[in-house]
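Below you'll find the structure, written out as structure tokens, and then a few comments.
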Amino acid sequence: MSANPDSADIVVVGAGPAGCTAAEHAALGGAEVLLLERKAEIGVPVACGEFLPSVDEIKSIFPRARDIETLFDIPTDLVSLKIDRMRLYSPGMRLFEIPFDGYTTDRDRFDKHLASRAVKAGARIATGCTFLTVDDGVVVTSSGRIRAKVIIGADGPLSRVAASLGLPKNRSLYPAVTAQSNGDFEPIPEMYFGNAAPGGYAWIIPKKRGANVGAGVSPRFAKRKIGDYLKRFVEWKGLNISKPVGKYVPMSGPVAKTVARNGLIVGDAAGHVMAVNGGGIPIAIVCGRIAGETAALHVSKGLSLETYERLWRDQVERPLRTAVRTEALASLCFGSQWRLGAAMRVLGKRRIGNIIRCRSILP
Ligand SMILES: Cc1cc2nc3c(=O)[nH]c(=O)nc-3n(C[C@H](O)[C@H](O)[C@H](O)COP(=O)(O)OP(=O)(O)OC[C@H]3O[C@@H](n4cnc5c(N)ncnc54)[C@H](O)[C@@H]3O)c2cc1C
């Protein structure tokens with residue numbers, strides 16, 4: 001690390017999956033890295049369904065993404081429960097059981113694990129430190145000013161780093177809320193579409209003990225607050241839950257530009273989310289690595305930061321764009337329970353399975 005605490009080669013903002021992975025790979029590339037996190041404790045509170053696709057599923061969704069085995073080599077104690085299928089319920093409660101491999105995790109421990117990998121690689125972490133703005137190339141935080149050669153914005157859907165660099169904002173933000181429930185659950189995630197969560201879905205995602213219960217809705221179709229949908233859902237299912245935690249999911253797909261001046265954005269900040277299901281952890285990690293490696297090569301060898309934009313688009317953009325198009329088509333049905341139910345029935349289990357894997361339903 002630098003002898004000067006007010007400088008670093010690379011400042012990464014946000015210690016979620018994107019920021020921790022970027023910090024790890026920037027440090028592995030030989031850069032002096034400072035990872036800033038506004039929360040006092042990494043990963044807390046959990047605002048996530050805590051579901052991850054298996055390595056094979058990630059490869060099948062993002063066939064051009066590199067090094068998936070290494071990136072998703074997760075310690076077995078972070079796997080809460082293995083999953084081999086999902087149950088999707090249409091508004092009329094028609095069941096579609098879709099084979100899908102994955103696992104649930106404890107997201108707080110998951111993020112802490114990624115942060116520990118960054119530290120092991122040589123990155124320094126400052127928690128309780130909020131990024132405020134960039135002033136004349138200097139990173140301004142709640143704890144002081146930091147001179148940096150590169151800034152990586154991994155600060156989530158409402159990215160301040162993106163705004164400071166003049167990069168585009170996420171256009172469409174869906175509110176989502178999640179909580180933990182005790183009790184015994186079948187080891188099969190359940191997703192409920194229709195009035196339970198208009199334009200989105202309500203879920204029960206089982207873990208080793210209990211389940212993650214939540215809902216996400218489209219602001220275009222929801223008539224109530226997101227918390228009211230979750231309350232109604234848990235009442236209907238007869239569940240007891242912990243205090244819900246809410247957050248936004250960026251659903252408009254990747255933003256048009258992710259590099260400007262001496263900075264770049266990654267993860268939710270860049271719209272790296274599958275619009276068909278709201279999942280973003282795999283893409284945050286894949287693109288976080290590209291961000292960290294490119295930033296380190298920029299510092300050591302003068303590689304253009306634009307390389308990051310080219311590489312991540314090559315590896316993950318196509319399935320993300322397909323998902324945005326499919327979500328736009330689905331929006332034509334979300335206004336009517338009947339239309340949505342009919343569309344699910346016509347699509348059937350195989351095509352619904354393709355949709356959740358970001359594949360096109362059009363020939
Ligand atoms: C309710 C819900 C359920 C979800 N379920 C799933 C799921 O089951 N599977 C899945 O793959 N995805 C899921 N997602 C999406 C997933 O959580 C995100 O895509 C993923 O967390 C993105 O990682 P990230 O590192 O880009 O951002 P984040 O995880 O949001 O991390 C950003 C970090 O930046 C910090 N930060 C923000 N602003 C500042 C600042 N100014 N200064 C310093 N630090 C800052 C934040 O505190 C946070 O720690 C869910 C999302 C929600 C809201």
Side-chain angles (χ1 to χ4, degrees), residues 11-23 34-53 57-58 61 72 80 83 86 102-108 110-112 114-115 125-134 139-143 151-164 170 173-179 189 191 197 200-203 205 207 212-217 226 230 244-251 265-275 277-288 291 320 356:
V11 166
V12 182
V13 182
C20 291
T21 310
L34 179 56
L35 174 57
L36 309 180
E37 170 54 53
R38 72 174 167 199
K39 291 189 288 200
E41 185 179 348
I42 288 170
V44 177
V46 170
C48 182
E50 307 181 277
F51 179 80
L52 273 143
E57 290 285 6
I58 297 174
I61 299 169
F72 295 89
S80 177
I83 302 295
M86 296 181 175
Y103 58 93
T104 51
T105 188
D106 299 322
R107 179 68 197 270
D108 46 351
F110 186 86
D111 283 14
K112 284 190 175 85
L114 296 181
I125 301 186
T127 50
C129 178
T130 302
F131 166 87
L132 300 174
T133 188
V134 180
V139 176
V140 183
T141 79
S142 56
S143 314
I151 175 162
I152 298 179
D155 50 340
L158 300 166
S159 175
R160 264 196 203 181
V161 176
S164 308
N170 285 303
L173 295 168
Y174 283 24
V177 70
T178 181
M191 278 126 199
Y201 59 92
W203 67 81
I205 303 182
K207 298 175 67 176
N212 183 300
V213 179
V217 297
I226 179 67
L230 181 64
V245 181
K247 216 177 143 190
Y248 286 109
V249 182
M251 292 288 275
I265 51 173
V266 62
D268 277 12
H272 288 154
V273 169
M274 294 175 271
N277 55 42
I281 301 170
I283 314 123
I285 291 177
V286 168
C287 297
L320 295 183
I356 58 176

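All values below come from the heavy atoms of this structure, side chains included, with hydrogens, waters and symmetry mates left out. Everything numeric here is computed off the predicted structure, so don't read it as measured data. Indexing begins at 1, ligand by ligand and atom by atom, following the structure's order.
- A salt bridge between Lys112 and Asp108 is absent, with no side-chain N of the basic residue lying under 4.0 Å from a carboxylate O of the acidic one.
- Using a 4.5 Å cut-off on side-chain heavy atoms (C-beta onward), Pro282 and Phe72 make contact.
- Separating the CG atom in Asn277 from the CD1 atom in Ile356 is a distance of 7.0 Å, to the nearest 0.5 Å.
- Cys48 contributes atom SG, which lies 8.0 Å from atom CD1 of Ile205 (distance to the nearest 0.5 angstrom).
- Scanning all heavy atoms of the two residues, the minimum distance from Ala47 to Val245 falls at CB-CG1, 3.8 Å.
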Kindly print each ligand 1 N/O atom paired with any protein N/O atom under 3.5 angstrom away, one pair per line, or none if nothing qualifies.
residue  : atom   : partner : partner atom : Å
ligand 1 : 5 (N)  : Gly49   : N            : 2.7
ligand 1 : 8 (O)  : Glu50   : N            : 3.1
ligand 1 : 8 (O)  : Phe51   : N            : 3.0
ligand 1 : 9 (N)  : Phe51   : O            : 2.8
ligand 1 : 11 (O) : Gly280  : N            : 3.1
ligand 1 : 11 (O) : Ile281  : N            : 3.0
ligand 1 : 12 (N) : Gly280  : N            : 3.0
ligand 1 : 17 (O) : Arg107  : NH1          : 3.1
ligand 1 : 19 (O) : Asp268  : OD1          : 2.7
ligand 1 : 21 (O) : Arg107  : NH1          : 3.2
ligand 1 : 21 (O) : Arg107  : NH2          : 2.9
ligand 1 : 25 (O) : Pro17   : N            : 3.2
ligand 1 : 25 (O) : Ala18   : N            : 2.9
ligand 1 : 26 (O) : Asp268  : N            : 2.8
ligand 1 : 29 (O) : Arg107  : NH2          : 3.0
ligand 1 : 30 (O) : Lys247  : NZ           : 2.5
ligand 1 : 38 (N) : Arg38   : NH1          : 3.4
ligand 1 : 41 (N) : Phe131  : O            : 3.2
ligand 1 : 42 (N) : Phe131  : N            : 2.9
ligand 1 : 44 (N) : Arg38   : N            : 3.1
ligand 1 : 47 (O) : Glu37   : OE2          : 2.6
ligand 1 : 49 (O) : Glu37   : OE1          : 2.6
ligand 1 : 49 (O) : Glu37   : OE2          : 3.2

Next item on the list: Show your reasoning for whether salt bridge (charged side-chain N to carboxylate O under 4.0 Å, His left out) applies to Arg160 and Asp155.
Entry: CA-CA 7 Å; Arg160 264 196 203 181; Asp155 50 340; over 6 Å; no

